[in-house]
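What follows is a short report on a single structure.
Throughout, protein chains are lettered first and strands after them, A, B, ... in sequence-line order, and every chain is numbered starting at 1.
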There are 2 protein chains.
Amino acid sequence: MNLSPRQSEILSIARAMGRVMVDDLARHFDVAVQTIRRDLGELADLGHLDRIHGGAVPRQGMVNIAYERRRKLNAGGKAAIAAAVAARIPENSSIILTLGTTTEAVAQALLHHRNLTVITNNMNVANTLCANPGCEIMVAGGALRRSDGGLVGALTAEFFAQFKVDIAVLGASALDHDGDLLDYDLAEVRVSRAILAQARATYVVADHTKLTRSAPARIASLSEVAKLVTDQPLPPDLARRCADWGCEVVVAPPVP
Amino acid sequence: MNLSPRQSEILSIARAMGRVMVDDLARHFDVAVQTIRRDLGELADLGHLDRIHGGAVPRQGMVNIAYERRRKLNAGGKAAIAAAVAARIPENSSIILTLGTTTEAVAQALLHHRNLTVITNNMNVANTLCANPGCEIMVAGGALRRSDGGLVGALTAEFFAQFKVDIAVLGASALDHDGDLLDYDLAEVRVSRAILAQARATYVVADHTKLTRSAPARIASLSEVAKLVTDQPLPPDLARRCADWGCEVVVAPPVP
DNA sequence: GAATTCATTCGATTATATTCGTTTTTGACC
DNA sequence: GGTCAAAAACGAATATAATCGAATGAATTC
């Protein structure tokens, strides 16, 4: 999409002033505030600006817009799941955190746990948990994927093979009606499978939006998993299947 | 969640002053103390601050004060060295970047190189080069050291053993008169030695402050190194020795 | 134990998303 | 050129959501 002249000017004003306000811009261009809002919204979608209440600021850094948007998608549900998972991870334990925005929310929720050992192939998780001094962090080696800060590939799987942890927190791109965990990227699936083998218990985190999606590669079945933590009740047939498998389904209560 | 402008400013005030008080901030921004409290609470939840009674202090996680200071120390010299090194790294090549603030400056200077493969055990380097889409990044696995974002340990050394690169850019804590590269941490030294073995050519980066320092562990001798890039001429005896060894000494011209 | 400071709730204000109808622009065709 | 239909841009109205400040009682510091 091309920028309108007004949008270009908004952008240069924003960059020059460090911040623009909706009202000021509406007066400056003599248009309605809704029009300005639309412009700002589009500029934000294109990654040029960040919306703030009442205006916008030029975006600094952060390479990946699509990923930022994914992170905001159902942020409430993810926070709820994260809190529920964190409550089920005891202090003084060792865990693996994998890729995915939900997993990153779990890392946020673990900021105040003490004496954790966290092994992760997610740069965002590592950066987040840096702020928790009571947490030893092992970063898995591998090729860095810009789109989400993930470390993937054969070397990553090998790395995980050297550990054995209490709990693995596994993300997934999709969760189908048969209870299969699915993903888009085969390299990532291999890593996930290696992780599954190295954990005494596996918790899968997946918000309800994952139930309506599909993906080509299969990671595992919920039958191999100890808990599924989600934010809305499962469809009855899947819930029954989980019960048969002994996979505990945790529906996280919303956090206020 | 995105930080509001006020939250960002609170954060930078906190980092600059070492501490912020609720009342002061409320007066400074001309808002109610409850509003400030809310901001501080959110910043604390995000791991940026720690609440104390009446205010907050910056959380020292990865935002290591000592490290930040080291990074600012002789920043000009480091930038000069970085530019000189970047000029000597051709595009379409594979390199290793190790720990150290000077190495991080090199990463900064490589932001516009194309088609690089960079292998690093430095989280800061990885985060920086994320912004360069023409650069494939491999992150070495290992234990994350909060003080400098370094990945160290036996696993890290093993990881590097699987690669062979054109150039390794090696940092060092100290450089003594005999031309020995020294470091404080034995685990890091092991990694550095593993790297030395995996590179067709090694460039050592060390600004002049490293010449007056010492450290207990020996990484290698300059005789094993192709180039030493520094920011001020070496003492004559060391310069002569480097010449004998065939180690080219590059004195980087200051950048304007 | 007195005084701050804090967390929480509530309501008021303001900003936002969304929808809809109007105006303007565009481009194709006669 | 002129006409028309489709598309885009815009503004108004509405419901939703975010922000802020005041009030309350609990927790804390001294």
Side-chain angles (χ1 to χ4, degrees), chain A residues 1-11 13-14 17-59 65 68-80 83 86-87 105 108-109 111-112 209 231 253-256, chain B residues 1-11 13-14 17-59:
Chain A
M1 187 206 313
N2 267 343
L3 297 186
S4 73
R6 189 179 52 231
Q7 286 174 326
S8 313
E9 192 175 340
I10 288 176
L11 208 50
I13 293 175
M17 310 289 286
R19 181 165 58 150
V20 287
M21 299 313 254
V22 171
D23 286 342
D24 298 342
L25 290 173
R27 221 169 307 121
H28 179 262
F29 290 105
D30 194 26
V31 293
V33 289
Q34 292 87 332
T35 306
I36 296 296
R37 273 197 250 280
R38 215 169 345 229
D39 284 341
L40 295 184
E42 285 170 12
L43 288 170
D45 281 346
L46 287 169
H48 295 119
L49 293 180
D50 270 322
R51 283 306 312 266
I52 58 171
H53 218 75
V57 292
R59 171 153 335 187
I65 309 141
E68 280 304 307
R69 186 170 354 217
R70 244 176 73 204
R71 190 176 303 187
K72 283 192 188 114
L73 187 71
N74 192 24
K78 283 169 183 164
Q108 278 289 339
L111 273 175
H112 296 103
T209 65
D231 61 339
V255 286
Chain B
M1 187 211 310
N2 259 342
L3 297 185
S4 74
R6 189 178 52 231
Q7 287 173 327
S8 319
E9 194 175 338
I10 288 175
L11 209 50
I13 292 175
M17 311 288 285
R19 184 168 60 149
V20 287
M21 297 314 235
V22 171
D23 285 341
D24 298 342
L25 290 174
R27 221 168 309 122
H28 180 263
F29 289 107
D30 193 27
V31 294
V33 289
Q34 292 87 331
T35 306
I36 295 296
R37 273 198 250 281
R38 212 168 350 225
D39 284 341
L40 295 184
E42 286 170 13
L43 289 170
D45 284 345
L46 286 169
H48 294 121
L49 293 179
D50 272 322
R51 284 304 311 265
I52 57 171
H53 214 76
V57 292
R59 167 114 31 124

Q. Of the candidate nucleotides D/dG21, C/dT19, C/dT16, which contains the atom at the shortest distance from the side chain of A/Arg38?
A. C/dT19
**Q.** Whole-Å distance separating the CG atom of B/Leu40 from the C1' atom of D/dC20
**A.** 15 Å
**Q.** Euclidean distance, atom CG of residue B/Asp39 to atom P of C/dC6 [Å, nearest integer]
**A.** 14 Å
Q.
Check the phosphate of D/dT29 against B/His53, side-chain N and O only, distance under 4.0 Å to OP1 or OP2. Yes or no?
A. yes
Q) Under 4.0 angstrom, heavy atoms only, what part of the nucleic acid is B/Val31 near: base, sugar-phosphate, or nothing? A) sugar-phosphate
Q. Could you give the CG-to-P distance, from A/Asp45 to C/dT16, as a whole number of Å?
A. 14 Å
Q) Can you check whether A/Thr35 has a side-chain N or O nearer than 4.0 Å to OP1 or OP2 of D/dC10? A) no
Q) Is there side-chain contact between A/Arg51 and A/Val22, with heavy atoms separated by less than 4.5 Å? A) yes
Q) With a 4.0 Å cut-off on heavy atoms, is B/Ile52 in touch with a base, just the backbone sugar-phosphate, or nothing at all? A) sugar-phosphate
Q: Find the distance A/Glu42:CD to C/dT16:P and express it as a whole number of Å.
A: 15 Å
**Q.** Nucleotide D/dC20, atom P - distance to CD1 of B/Ile36 in whole Å
**A.** 9 Å
Q) To the nearest 0.5 Å, what is the distance between CE (A/Met21) and NE2 (A/His28)? A) 16.0 Å
Q. Are B/Leu40 and B/Leu25 close enough that some pair of their side-chain heavy atoms sits under 4.5 Å apart?
A. yes
Q: Find out whether B/Arg6 and B/Thr35 are in side-chain contact, i.e. whether some heavy atom of one side chain is under 4.5 Å from a heavy atom of the other.
A: yes
Q) Of the nucleotides D/dA22, D/dT28, C/dT16, which one has an atom closest to the side chain of B/Ala32? A) D/dA22
Q. Can you check the A/Asp24 CG to C/dT14 P distance for me, whole Å?
A. 16 Å
Q: Can you tell me the distance, in whole Å, between the CZ atom of A/Arg51 and the P atom of D/dA18?
A: 13 Å
Q. Taking atom CG of A/Asp231 and atom NZ of A/Lys78, what is their separation to the nearest 0.5 Å?
A. 9.5 Å
Q. Choosing from D/dG21, C/dC6, C/dA15, which nucleotide comes nearest the side chain of A/Arg37?
A. C/dA15
Q: Have a look at B/Asp23 and say if it touches a base, only the backbone sugar-phosphate, or nothing, with a 4.0 Å heavy-atom cut-off.
A: sugar-phosphate
Q) How many Å lie between CD on A/Gln34 and C1' on D/dA15, as a whole number? A) 14 Å
